Amino acid sequence: MIVYKNDFEEFKKWLDLDINSIAWGGKYSDSFSEFWESFFKEDINPKELGERFDYAKRIAKSGPLISWLTWLFEKFITYIFITKNYSVREISLNFDLPERYIATLLRDHLIKVYPAYEDLINEKFQISNVSSENLFITFSEIETLVGGLAKEKGTFEDDILAHMEVTLYPDWSNLVKELRKDILLLKVDFENFQKRAAFKKQIRFLQEVIILLLILSVVVFALKNTNKWYEDYLVNKITLFEPNFFWLDKSLTYQEQDLLAQQSINLSNKELDELEKIEAQQVFDDGKLESRYDPESDVVVLDSVENVPKSFGEAETEQSEYEENKKGGYRDSSYSVSNKKAYRILMASVEPSVIKSKILPLMERYKISQVDNVKPGTQIPGGLYFNLNVPSRFLKEFMTKVSTFSEATIFESRSQGGDEAGKNRVFIWIKGI
């Protein structure tokens, strides 16, 4: 696609600009004509024309002037579609613009021209995907349905930008001045421009990094010196308590005096004899001997049930293997208060009630009775406990089976008395985990 000079003249007529209002009553009509002649030259392709508009918008500073240039460019795209009978895809490829943007632009313009056919126009310019048939629609196809009114005029009465006095903006003169140059020879390499812009951003980023590093270095240096100063300040403030002898009066001198030498001791012979007797008694007095007896705990931890005596009938009278073989001396005072043994089994389980259900049948099987009035397996905070009187002949078998229900620790101690004959007391504690 090539756009020629006569195309721009026809576009100006189709656009129907209010030159009188734009040039402020005709005062700046020459300036506007100079802009038009410099900007729209013959033998130009649509992509280059788009680059010209981008270049002009970069020169312009005011927002309204930039909006007017954007409006003028969009009107030219609409003019090409209506008068040159190009499809949406062809215009998109030639102007290097998105197809959805072109379709939306044309739809908005045609709806203003043909408000009664709004639904039809929306349907024709609806692009759902890249293979939509509407991408290939041309104005000639729409003209057969709605008419050729769009070819007559490109502006509307409520179109403010068609009457805006753009020549009064301060940056208009600068825009015209730049466009006086041969814009065809003024090659704006946008790729290089973007590269330069990216390079400037990199330089700016590097500058910011350097500034941040400098600030960080200053902060670290300040903190280091501040800490050093504060450390010296604390050292000076600390007072060590040490002997200070500078307050002594150095004019005083030490004079040794033997107070005993100044006193005369007169003792009679009888008093000397008494003194010798007292000293003789102190020599042969060995003093009170320290007690060698140290009370010991009678609790013994059993590694397993195998350490329990084999014959519990004889266990009540025989000496425990954890007692000393030789009795006497200082141990006589604490030996054999009671040879009857009591056992404690400590267990831990996540389900204490399950172990309880296994112990209760064993009580019936071995004729085991409770010690006090508390029911065996009573639930207390932390777990369950059993206080039982176990027949001595079943003791080892009972403890062996109980210890298999969970990991158990067995303690052996002397009974404090009051046990039933032929039975040993066994206390079981099941801790809930």
Side-chain angles (χ1 to χ4, degrees), residues 1-19 35-57 67-159 161-162 183-184 190:
M1 182 189 301
I2 299 297
V3 184
Y4 299 98
K5 186 174 182 61
N6 61 337
D7 293 326
F8 293 122
E9 294 298 331
E10 294 296 329
F11 168 64
K12 187 176 182 181
K13 295 178 182 178
W14 175 82
L15 195 58
D16 192 22
L17 295 174
D18 188 359
I19 304 299
F35 160 77
W36 193 274
E37 293 294 333
S38 301
F39 196 83
F40 296 105
K41 290 186 176 291
E42 58 183 4
D43 299 336
I44 187 174
N45 60 62
K47 185 176 181 180
E48 185 179 353
L49 181 63
E51 293 175 353
R52 287 188 185 182
F53 274 100
D54 292 336
Y55 178 67
K57 286 188 285 186
S67 300
W68 184 80
L69 290 171
T70 303
W71 171 82
L72 188 64
F73 179 60
E74 292 177 349
K75 287 295 182 181
F76 185 78
I77 294 175
T78 306
Y79 170 78
I80 292 296
F81 176 77
I82 294 174
T83 59
K84 300 300 181 180
N85 205 34
Y86 286 107
S87 66
V88 174
R89 169 158 290 183
E90 289 174 332
I91 295 176
S92 173
L93 294 175
N94 281 277
F95 282 89
D96 194 17
L97 293 172
E99 297 167 342
R100 293 180 181 272
Y101 170 73
I102 300 296
T104 303
L105 183 67
L106 299 176
R107 182 199 63 185
D108 293 343
H109 179 82
L110 294 177
I111 287 176
K112 290 183 179 180
V113 179
Y114 309 102
Y117 296 95
E118 181 177 358
D119 295 338
L120 176 62
I121 295 173
N122 285 331
E123 181 182 353
K124 293 296 182 181
F125 288 93
Q126 179 67 34
I127 298 176
S128 58
N129 51 67
V130 295
S131 61
S132 176
E133 295 181 356
N134 293 336
L135 290 173
F136 305 96
I137 192 171
T138 60
F139 181 74
S140 60
E141 299 177 13
I142 300 176
E143 185 178 9
T144 57
L145 301 175
V146 299
L149 182 62
K151 292 183 177 181
E152 299 177 3
K153 187 178 179 180
T155 57
F156 312 96
E157 295 181 359
D158 60 344
D159 205 337
L161 294 175
I183 200 168
L184 288 177
F190 287 95

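Below, each value reflects all heavy atoms present in this structure, side chains not excepted, and no hydrogens, waters or symmetry copies. Since the structure is predicted, the reported quantities are computational estimates derived from the model, not experimental observations.
Residues forming a salt bridge (Lys or Arg N to Asp or Glu O under 4.0 Å) with R89 (at least two apart in sequence, or on another chain): E99. Residues meeting the ring-ring contact (aromatic ring centres under 6.0 Å, His included) test with F8, sequence neighbours left out: F40, F76. Partners of K84 by side chain to side chain contact (heavy atoms under 4.5 Å, CB included), not counting sequence neighbours, listed by chain and number: D7, I80, Y86. Listed by chain and residue number, T104 satisfy the side chain to side chain contact (heavy atoms under 4.5 Å, CB included) test with D108 (two or more places apart in sequence, or in another chain). Take K151 and apply the salt bridge (Lys or Arg N to Asp or Glu O under 4.0 Å) test, not counting sequence neighbours, and it matches E143. Take N122 and apply the side-chain hydrogen bond (donor to acceptor under 3.5 Å, both in side chains) test, not counting sequence neighbours, and it matches no residue. For K5, the side-chain hydrogen bond (donor to acceptor under 3.5 Å, both in side chains) partners at least two apart in sequence or on another chain are E37. Applying the salt bridge (Lys or Arg N to Asp or Glu O under 4.0 Å) rule to K47 yields no partners; only residues at least two apart in sequence or on another chain are considered. Partners of Y114 according to the ring-ring contact (aromatic ring centres under 6.0 Å, His included) rule, which considers only residues two or more places apart in sequence or in another chain, do not exist here.
Using a 4.5 Å heavy-atom cutoff, the side chains of F39 and L49 are in contact. Residues N94 and N45 are not in side-chain contact: their nearest non-hydrogen atoms beyond the backbone lie 4.5 Å or more apart. Taking the side chain as every heavy atom from C-beta outward, I19 and W36 never approach each other to under 4.5 Å. In this structure, I142 and Y117 have side chains that are not in contact, with every pair of non-hydrogen atoms separated by 4.5 Å or more.
Scanning both residues, I137 and F81, for their nearest heavy atoms gives O-CE1, 3.7 Å. Of all the heavy atoms in P98 and S92, the pair that sits closest is C-OG, 3.8 Å. The minimum heavy-atom distance between I111 and E118, with the atom names listed, is CD1-CG, 4.0 Å. Between T83 and Y79, the closest heavy-atom pair is OG1-O, 2.6 Å. Here the closest heavy-atom approach between residue F139 and residue G147 is recorded as CZ-O, 4.1 Å.
Pairs passing the side chain to side chain donor-acceptor pair (under 3.5 Å) check and including a residue from residues 123-137, sequence neighbours excluded, read N129-S131.
Using a distance-only test at 3.5 Å, with no hydrogens or angles considered, no donor-acceptor pair links the side chain of R107 to the main chain of I121. Here the side chain of D16 pairs no donor or acceptor atom with the backbone of K153 at under 3.5 angstrom. Judged by distance alone, the side chain of T155 and the main-chain N or O of L15 form a donor-acceptor pair under 3.5 Å.
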- prompt: Passes side chain to side chain contact (heavy atoms under 4.5 Å, CB included), L97 versus I77? Steps please.
  reply: CA-CA 11 Å; L97 293 172; I77 294 175; 3.8 Å; yes

query: When you look at V3 and F11, which way does the side chain to side chain contact (heavy atoms under 4.5 Å, CB included) test go after all the steps?
result: CA-CA 11 Å; V3 184; F11 168 64; over 6 Å; no

Atom pairs and distances, side-chain donor-acceptor, residues 68-75, under 3.5 Å, sequence neighbours left out:
from: W68; atom 1: NE1; to: L161; atom 2: O; distance (Å): 3.2
from: T70; atom 1: OG1; to: I66; atom 2: O; distance (Å): 3.0
from: W71; atom 1: NE1; to: D159; atom 2: OD2; distance (Å): 3.4
from: E74; atom 1: OE2; to: Y101; atom 2: OH; distance (Å): 2.9
from: K75; atom 1: NZ; to: H109; atom 2: ND1; distance (Å): 3.4
from: K75; atom 1: NZ; to: G154; atom 2: O; distance (Å): 3.0

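When the options L120, I102, L106 are evaluated for a side chain to side chain contact (heavy atoms under 4.5 Å, CB included) with F125, the one that passes is L106.
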